[in-house]
Amino acid sequence: MASTDSPTDSPNDSLNDSQGTLRRVGIVIAVIASVLVVSGIGIRVNDHRRVSEWTEEQAIATVAVVMPSSDHAAARLELPGRLEAFARAPLNARVAGYLKTWKVDIGSPVKAGQLLAEIEAPDIEQQLLQAEADLASAEANAALAASTAKRWQSMLGRDSVSKQEVEEKVGDLAAKEALVKAARANVERLRTMKGFTRIVAPFDGVVTARNTDIGELINPGGGSGRELFVVSDTRRLRVYVNVPQAYASRLNTDATATIRVPDRPGKEYSAKVVAAAGAVNVATGTTLMQLNVDNESRELLPGGYASVSFELAGGVPALRVPASALIFDQSGLRVATVDADDRVIMKPITIARDHGAFIEVASGLEASDRVISTPPDGLIAGSAVRVLEPTVKEADASSPAAKQGNNASG
């Protein structure tokens, strides 16, 4: 009986087992799918969170800061100046004519009274001849009037003529003598004018300009006529410097300065302040100072540019910041600083001097302020920033003092 039931039950059991296996496989697949779905959602949520955090971080500006620097050594003031000859004489013609000859050219040393050029002025010569003839005629008339007056005075003693007639002769003599004086003055004037046909050096110096040539028509100068020569005394030069008002009180009339010129690199010349204008130019806000510098070697050229360096007396060294740190808007001139909480503070400042790459700040900053070296656009007070701390080498290289040293060495 048992053997007859066995073939009947076997197929059912196998079917049941297959169905159970399929159910278990389906459950496993469903679980795996659920795990994958949950994991994908988690990854997406995490990615979204990370993107949000990155976006928020990028919304905070990253800035580099520098500390204001100051030079505790002797403060120096570098200003541009112009060199001028100690004495400069433009020589113009006083008479009209034609240039007969010139004796010296530019660069020639001359002595006082040395002949530079001659002007041929035939009009002056003819006028002088006429004036000398007029003088001779006046002297002859005066001599005749003198003898006549003397003769009439002698006749008055014998009562041969009236006193009125004698006075007329004496008066005529006085008039003739006055005409002699006028004629003699005219002769002297024309002789003086003829002397002006010789152009001579007024003092010892160097001819620094010649603006004429032989045969050229010469017109009397002074106001509108062109100068024929320029003679300059270059053994000593004057140096003129416009000093900002903020530094004028720190430069005395006995102060010294060092002068450098582009055509003599590496060489310095000593100069001394000898005069100051004592007033401030309204247009420039500066006061004019004059220095003297010896130039026996003739190395310095009048009319040239010079860099004048003063050593300032007293005062507190100004703080220096990069010029890129300046912000100029409707609120005025300011710099952006960062406080202890890494938030922006705008500080209005006053510039003492602009050096180009950096500026000296007269007021508005403290030495402990952290100044944003290059403020980004749209930066406002109170906004949070991320401070990019420079390395020691970067900080040293970006300091204004280092930039000044680099510019000086270059």
Side-chain angles (χ1 to χ4, degrees), residues 82-142 175-240 274-275 288 290 292 295-296 298 300-304:
R82 70 179 187 277
L83 299 171
E84 290 191 6
F86 193 79
R88 179 182 181 273
L91 304 180
N92 296 83
R94 284 291 308 276
V95 295
Y98 296 92
L99 191 74
K100 182 178 180 180
T101 180
W102 53 266
K103 306 294 185 180
V104 294
D105 208 344
I106 57 174
S108 302
V110 293
K111 296 292 185 180
Q114 180 177 340
L115 180 64
L116 306 183
E118 287 186 278
I119 299 174
E120 189 174 10
D123 293 348
I124 296 293
E125 294 176 357
Q126 295 301 318
Q127 291 174 17
L128 179 58
L129 292 175
Q130 181 181 352
E132 290 174 343
D134 292 340
L135 175 59
S137 176
E139 289 175 340
N141 292 333
K176 293 297 190 335
E177 288 177 342
L179 290 175
V180 170
K181 291 180 180 179
R184 183 176 292 115
N186 189 39
V187 169
E188 293 300 325
R189 179 184 68 83
L190 290 171
R191 286 175 180 171
T192 301
M193 293 298 292
K194 185 178 180 180
F196 288 136
T197 59
R198 291 170 51 87
I199 308 298
V200 298
F203 48 76
D204 294 353
V206 177
V207 177
T208 55
R210 177 181 64 83
N211 300 314
T212 188
D213 211 338
I214 295 175
E216 183 177 358
L217 176 63
I218 305 298
N219 293 313
S224 59
R226 185 178 60 176
E227 57 194 26
L228 305 181
F229 294 88
V230 176
V231 176
S232 302
D233 181 4
T234 60
R235 293 170 297 180
R236 188 167 46 160
L237 299 183
R238 305 179 195 268
V239 186
Y240 290 98
V274 295
L288 183 65
Q290 176 188 324
N292 286 353
N295 190 36
E296 289 291 344
R298 304 294 199 275
L300 298 175
L301 303 178

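All values derive from a computational prediction rather than experimental measurement. Basis for what follows: all heavy atoms, side chains included, without hydrogens, waters or symmetry-related copies.
Between Glu216 and Tyr98, the closest side-chain pair of non-hydrogen atoms is not below 4.5 Å. Counting heavy atoms from C-beta on, the side chains of Val187 and Leu128 come closer than 4.5 Å. Using a 4.5 Å heavy-atom threshold, the side chains of Val110 and Val231 count as touching. Taking 4.5 Å as the limit, some side-chain heavy atom of Pro202 sits within range of a side-chain heavy atom of Leu91. Side-chain contact check for Leu83 versus Pro302: every heavy-atom pair is 4.5 Å or farther apart.
Atom CZ of Phe229 is separated from atom CD1 of Ile199 by 7.5 Å, given to the nearest 0.5 angstrom. Here Arg94 contributes atom CZ and Ile218 contributes atom CD1; the two are 15.0 Å apart, rounded to the nearest 0.5 Å. With rounding to the nearest 0.5 Å, the separation of CD in Gln130 from CG in Asn186 is 8.5 Å. If you take CZ on Phe86 and CG on Leu237, they are separated by 10.0 Å, rounding to the nearest 0.5 Å. The CD1 atom of Ile106 sits 9.0 Å away from atom OG1 of Thr208, with the distance rounded to the nearest 0.5 Å. Taking CZ from Arg238 and CZ from Arg88, the interatomic distance works out to 13.0 Å, rounded to the nearest 0.5 Å.
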With a 3.5 Å cut-off and sequence neighbours excluded, list the donor-acceptor pairs that the side chains of residues 111-126 form with protein atoms.
residue, atom, partner, partner atom, Å
Gln114, OE1, Lys111, N, 3.0

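Considering only residues two or more places apart in sequence or on other chains, Arg191 meets the salt bridge (Lys or Arg N to Asp or Glu O under 4.0 Å) condition with Glu132, Glu188.
In this structure, the side chain of Asp134 does not engage the main chain of Ala183 through any donor-acceptor pair within 3.5 Å. Between the side chain of Asn211 and the backbone N or O of Glu227 there is at least one donor-acceptor pair closer than 3.5 Å.
Around CZ of Phe203, the count of heavy atoms belonging to other residues, nucleotides or ligands within 6.0 Å exceeds 12. The environment of CZ in Arg82 is crowded: more than 12 heavy-atom neighbours from other residues, nucleotides or ligands sit within 6.0 Å.
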Let me see the working for Val239 and Gln290 under side chain to side chain contact (heavy atoms under 4.5 Å, CB included), right down to the final yes or no. CA-CA 6 Å; Val239 186; Gln290 176 188 324; over 6 Å; no
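When every heavy atom of Arg298 is checked against every heavy atom of Leu301, the shortest pair comes out as O-CD2, 4.4 Å. When every heavy atom of Asp105 is checked against every heavy atom of Arg210, the shortest pair comes out as OD1-NE, 2.9 Å. Listed here is the closest heavy atom pair of Ala93 and Asn219: CB-O, 3.9 Å. Pairing each heavy atom of Leu135 with each of Arg184, the nearest pair is CD1-N, 3.5 Å.
Checked for salt-bridge contact, Glu296 and Arg236 miss the test: no charged N lies under 4.0 Å from a carboxylate O.
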